[in-house]
Amino acid sequence: MRKGSSSTASPSNGREGKAPSDRSTDVRPEPADTSSDILDSSLDLEEAHFREGYSDGHRHGVAAGREEGRQVGLKTGFETGEEVGLYRGCVGVRGSAIRADPTRYSARVQKSVRTMEALLDGHPTTEPEDELVQEMVGDLRLKSRAVRASLGAKLENRGYLKGVDNEDVEF
Amino acid sequence: MESHDGAWSLKEVQKLEGHTDRVWSVAWNPAAGVAGVPAMLASCSGDKTVRVWEQNPSSSSWFCKAVLDETHTRTVRSCAWSPSGKLLATGSFDATTAIWENVGGDFECVSTLEGHENEVKSVCWNASGSLLATCGRDRSVWIWEVLPGNEFECASVLQGHTQDVKMVQWHPTMDILFSCSYDNTIKIWAEDGDDDWHCVQTLSEANGDDLTIKVWETDSAKMMSGDGYVPWSHVCTLSGYHDRTIFSVHWSREGIIASGAADDAIRFFVESKDGSVDGPSYKMILRNEKAHDMDVNSVRWSHGENRFLASASDDGTVKIWELVPVI
């Protein structure tokens, strides 16, 4: 007599009767007092497979995500860094030119260059996704366009990533 | 305005031909047509040129005085004279704005303003001629300061519109700039000290269709007394008069509104004095149906004491009209 079992299978062979059909079960004689284990181990098996599949997927996902994230991060960081670097360079050159000959540049251009210097010194650039940094880069971009227009200068360096076939880009 | 309650008629004074593509815009020289100086008009076209027309004082007929070519490499979309009449700004789809100087009857390009990323749609001088505003498809509005020697410096690049900016216009007496955009808003820009321009108000009447004229007002006495910014509010809509897109509206010194539309017609409106409605209301006093053979892109009243109007059309012509009361 099985304890707590509603199955009508014969006690000698777990494969007869209502055992789950898509699970492999050991064909062995069941000791009478572990009869509830037949269903329990089937349930455990499903959960075991689930856990194994989940952890495999998770492991692969983390690895793939990290690699993709690294690529995106390098690209975004590079783009921001390149742009800020351009402004630092321009401000450096123009700042020096102004100090060498202040009469050569109008009050407005001098003030704009000073404002850009202050913006560059004032904010860190280690967190390119930080909103404040984005705002700063936006301000720099506008000021730079205005200064360039006033000086009649043209931007020839469009950046490493622009005008380049994306497949050729490597970091 | 001394009201003439009777009928009006629009007399065609002359048709100016010469452009080889659609004419987008016309501008009357504010310093001409007075004190013995012959009246002068500029027109700009899809043929990449600007034409300057002058009125012969003895015969009163208009002739083409100059063709400003070989400068813009694409359609010239907008033109505007400085208040002194000495400079003409022309905005083009080639992303530049050219500044021309009238040197003894010859027009010379003395400066080219670059900065917009793509098509410039509109140019406008402020009342004193110290500032020039430009706007374009790149969604930005640029303010340029005029310096001695025809040097121009960019004072500010204004961002805020989320679509093409179609037109900029300065207030006639204060340094306040209005810009309108495909994003269905009008933005009002003012300066808060040194080159610090920002948007002080956005007008958005979301029932946007291009078949109506809207009128806005502010308390300008209060604004000019320096009490801070006084917002503009919408006071009137003229609807039901146009069934095709309105491309241009202009208010005369006497308060007559002229409109030019895609149905080739020019219409005129005045404030109606029946006083039964809250706020101003307008009535149409004349519709000239076949003013041109194609879309009327621009209508501009002359600055003088007369009622002369110039219109520009897709049909490649400029027409000069006179609005006359019918006794």
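In the text below, chain A, chain B and the rest are named by the order of the sequence lines, each starting its count at 1. Heavy atoms only: backbone and side chains are in, while hydrogens, waters and symmetry mates are out.
At a 4.5 Å heavy-atom cutoff, the contact between B:Q159 and chain A is made by side-chain atoms alone. At a 4.5 Å heavy-atom cutoff, the contact between A:K111 and chain B is made by side-chain atoms alone. Proximity to chain B is absent for every atom of A:S112, based on heavy atoms less than 4.5 angstrom apart.
A 6.0 Å sphere centred on OH of B:Y229 holds more than 12 heavy atoms belonging to other residues, nucleotides or ligands. Applying the 6.0 Å contact sphere to CZ of B:R139 captures no more than 12 heavy atoms from other residues, nucleotides or ligands. A 6.0 Å sphere centred on CD of A:E68 holds no more than 12 heavy atoms belonging to other residues, nucleotides or ligands.
Closest approach of B:W142 to A:A149, counting heavy atoms only: CZ3-CB, 3.5 Å. Of all heavy-atom pairs between A:S150 and B:C154, the closest is OG-N, 2.7 Å.
Under a 3.5 Å cut-off, the side chain of A:R145 and the backbone N or O of B:V157 do not form any donor-acceptor pair.
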